[in-house]
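Presented below is the structure to which this report refers.
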Protein chains: 2
Amino acid sequence: MNRRNTPTKEAILAVLSNSKKALSQDAVEKQLNIKINRATIYRVLNRFCEDKLTHKIVGEDGKQYFAICKPCNKLSETITHHFHFRCLSCDTIECLQVPVVYAVPNGYEVKNANCVLTGICKNCK
Amino acid sequence: MNRRNTPTKEAILAVLSNSKKALSQDAVEKQLNIKINRATIYRVLNRFCEDKLTHKIVGEDGKQYFAICKPCNKLSETITHHFHFRCLSCDTIECLQVPVVYAVPNGYEVKNANCVLTGICKNCK
DNA sequence: GTATTATTGCAACTAATTCGCATTAAAAAA
DNA sequence: TTTTTTAATGCGAATTAGTTGCAATAATAC
Ligand SMILES: [Mn+2]
Ligand SMILES: [Mn+2]
Ligand SMILES: [Zn+2]
Ligand SMILES: [Zn+2]
């Protein structure tokens with residue numbers, strides 16, 4: 001199933017590129033200047049993830065956030081797993097350039113990591 | 001608002017105590033031998049969290065899991081933030097005795113951490 | 001025993017995400 | 001350039017997890 005170029009895809013990608021924060025479907029929709037269907041936005045975002053263009057973070061609010069972050073693209077696989085920070089005040093999630101370090105017990109195979117720190121961000125203090 | 005002792009509370013606590021894994025509301029309900037309302041289970045679990053008897057983990061599946069784990073009770077605040085592991089095969093979350101280590105940029109205040117590794121657990125390999 | 005109010009059950013509700021299906025439109029083929 | 005193929009989209013309905021209002025129940029204090 002080959003990917004196709006569509007205005008929808010471009011628009012959503014542009015929004016993500018211009019954002020320093022990870023965005024929820026809702027946030028993406030609000031920042032779009034064209035009207036795109038909710039389900040479609042989810043589908044596009046998930047396709048981006050499949051293609052490793054973005055990554056998905058799940059907050060302790062249980063919501064999905066999507067980010068295309070600099071670290072992810074330029075650095076090695078190791079730092080690909082980095083911490084995220086969710087500010088309780090401005091309710092945004094951002095990628096921190098802080099690698100996730102851990103060691104798992106024998107016999108465990110880690111495929112992914114979802115690490116979110118919560119608190120108050122620099123701007124909101 | 002003082003807490004009261006009820007059979008419901010005892011039953012749910014017993015289930016959590018006997019479990020080596022973190023449990024969702026659904027999982028708790030299934031393991032109970034008495035019938036307790038869904039909303040009530042959530043309320044009891046959240047009360048446990050308020051009272052620091054349990055802690056809540058949110059998986060990348062967006063669901064809430066509750067655990068009363070050994071490390072949490074006997075160790076210091078520092079290790080209270082530990083990694084969790086969610087097995088994609090048996091779909092359970094467990095507390096790892098692996099501390100979460102990080103350093104945040106200046107001006108950030110961390111209040112909580114939700115760190116979940118995903119993959120295949122020892123048993124399922 | 002009586003009063004107070006935390007706890008519970010039930011049903012309705014909310015919010016986030018997904019899904020089925022018909023329609024549209026990229027891109028490949030002719 | 002037209003035709004064909006099928007990925008992408010829109011819409012509405014469905015699903016899932018969790019919450020909330022409210023009346024009934026029951027633990028605890030008096
Ligand atoms: Mn990132
Ligand atoms: Mn734990
Ligand atoms: Zn903030
Ligand atoms: Zn497993």
Side-chain angles (χ1 to χ4, degrees), chain A residues 1-16 21-51 53-67 86 88 91-93 114 116 118, chain B residues 1-16 21-51 53-67 86 88 91-93 114 116 118:
Chain A
M1 50 183 110
N2 277 326
R3 293 283 131 88
R4 294 178 181 178
N5 287 323
T6 66
T8 289
K9 181 177 161 180
E10 297 305 320
I12 296 176
L13 192 57
V15 166
L16 285 176
K21 312 270 185 159
L23 302 175
S24 62
Q25 172 278 320
D26 199 54
V28 168
E29 185 168 347
K30 282 192 184 112
Q31 291 193 34
L32 285 167
N33 29 16
I34 56 173
K35 170 71 187 158
I36 301 176
N37 181 267
R38 200 169 70 249
T40 301
I41 297 177
Y42 275 112
R43 282 186 282 224
V44 170
L45 289 172
N46 284 316
R47 251 178 270 143
F48 284 165
C49 287
E50 281 174 31
D51 300 346
L53 232 152
T54 62
H55 64 285
K56 185 191 291 195
I57 307 119
V58 177
E60 8 63 81
D61 57 357
K63 290 205 294 187
Q64 304 181 350
Y65 295 81
F66 300 83
R86 194 168 91 89
L88 295 167
D91 191 39
T92 61
I93 287 200
N114 187 71
V116 182
T118 324
Chain B
M1 49 182 109
N2 276 327
R3 295 281 132 90
R4 293 177 181 179
N5 287 324
T6 67
T8 289
K9 182 176 160 178
E10 297 305 319
I12 295 176
L13 192 57
V15 166
L16 286 176
K21 312 269 184 159
L23 301 176
S24 62
Q25 172 277 320
D26 199 55
V28 169
E29 185 168 348
K30 282 191 185 113
Q31 291 193 34
L32 286 166
N33 30 15
I34 55 172
K35 169 72 187 157
I36 301 176
N37 181 268
R38 196 170 77 253
T40 301
I41 297 176
Y42 275 112
R43 282 186 281 225
V44 170
L45 290 172
N46 284 316
R47 251 178 269 143
F48 285 164
C49 286
E50 282 174 33
D51 300 345
L53 233 152
T54 63
H55 65 286
K56 185 190 292 195
I57 307 119
V58 177
E60 8 64 80
D61 57 358
K63 290 206 292 186
Q64 305 181 349
Y65 294 81
F66 300 83
R86 193 168 92 89
L88 296 167
D91 190 39
T92 61
I93 286 199
N114 186 72
V116 183
T118 324

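Below, chains carry the letters A, B, ... as their sequence lines are ordered, and counting in each starts from 1.
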In whole angstroms, the gap separating P of C:dT18 from CG of A:L45 amounts to 10 Å
Polar pair under 3.5 Å, donor/acceptor by atom type, side chain B:R43, base D:dG18:
no
Within the 4.0 Å heavy-atom criterion, would you say B:N5 contacts the bases, only the backbone, or no part of the nucleic acid?
sugar-phosphate
Remember a base hit wins even if backbone is also touched, and classify B:N46 as base, sugar-phosphate or nothing at under 4.0 Å, heavy atoms.
sugar-phosphate
Over how many whole Å does the gap from B:D26 atom CG to D:dT15 atom P extend?
16 Å
State, yes or no, whether a side-chain contact exists between A:L13 and A:V15 at a heavy-atom distance under 4.5 Å.
no
Taking only N and O in the side chain of B:T8, is any of them less than 4.0 Å away from OP1 or OP2 of C:dT8?
yes
Given DNA chain D, 5'-ward residue of the pair B:Q25 and B:T6, judged by closest heavy atom:
B:Q25
Residues from residues 28-40 of chain B sitting under 4.0 Å of DNA chain D, heavy atoms only?
B:R38, B:A39
Taking 4.0 angstrom as the limit, do A:D51 and A:R47 come out as a salt bridge?
no
Given side chains that start at C-beta, do those of B:I93 and B:Y65 come closer than 4.5 Å, heavy atoms only?
yes
d(CD1, B:I41; P, C:dT8) in whole Å
10 Å
Could you tell me whether the side chain of A:F66 reaches within less than 4.5 Å of the side chain of A:I57, counting heavy atoms only?
no
Would one find a side-chain N or O of A:R4 under 4.0 angstrom from OP1 or OP2 of C:dT24?
no
Taking A:E60 first and then A:R86, would you say they form a salt bridge - that is, a charged N and a carboxylate O separated by under 4.0 Å?
yes
For B:R47 and D:dT20, what is the distance between atoms CZ and P respectively, to the nearest whole Å?
14 Å
Let me know the distance between CG of A:D61 and C1' of C:dT14, rounded to the nearest Å.
15 Å
Figure out the CZ/C1' separation between A:R3 and C:dA25, and round it to whole Å.
17 Å
Below 4.0 Å: OP1/OP2 of D:dA8 and any side-chain N or O of A:N2:
no
In this structure, how many angstroms lie between the P atom of D:dT15 and the NZ atom of B:K63, rounded?
16 Å
Any salt bridge between A:R3 and A:E50, counting N to O under 4.0 Å?
yes
Looking only at side-chain N and O atoms, does A:Y42 come under 4.0 Å of OP1 or OP2 in C:dT18?
no
Starting at CD of B:E60 and ending at P of C:dT17, how long is that distance when rounded to a whole Å?
14 Å
Less than 3.5 Å apart, any donor N or O on the side chain of A:K56 or A:N114 sitting next to an acceptor on the other?
no
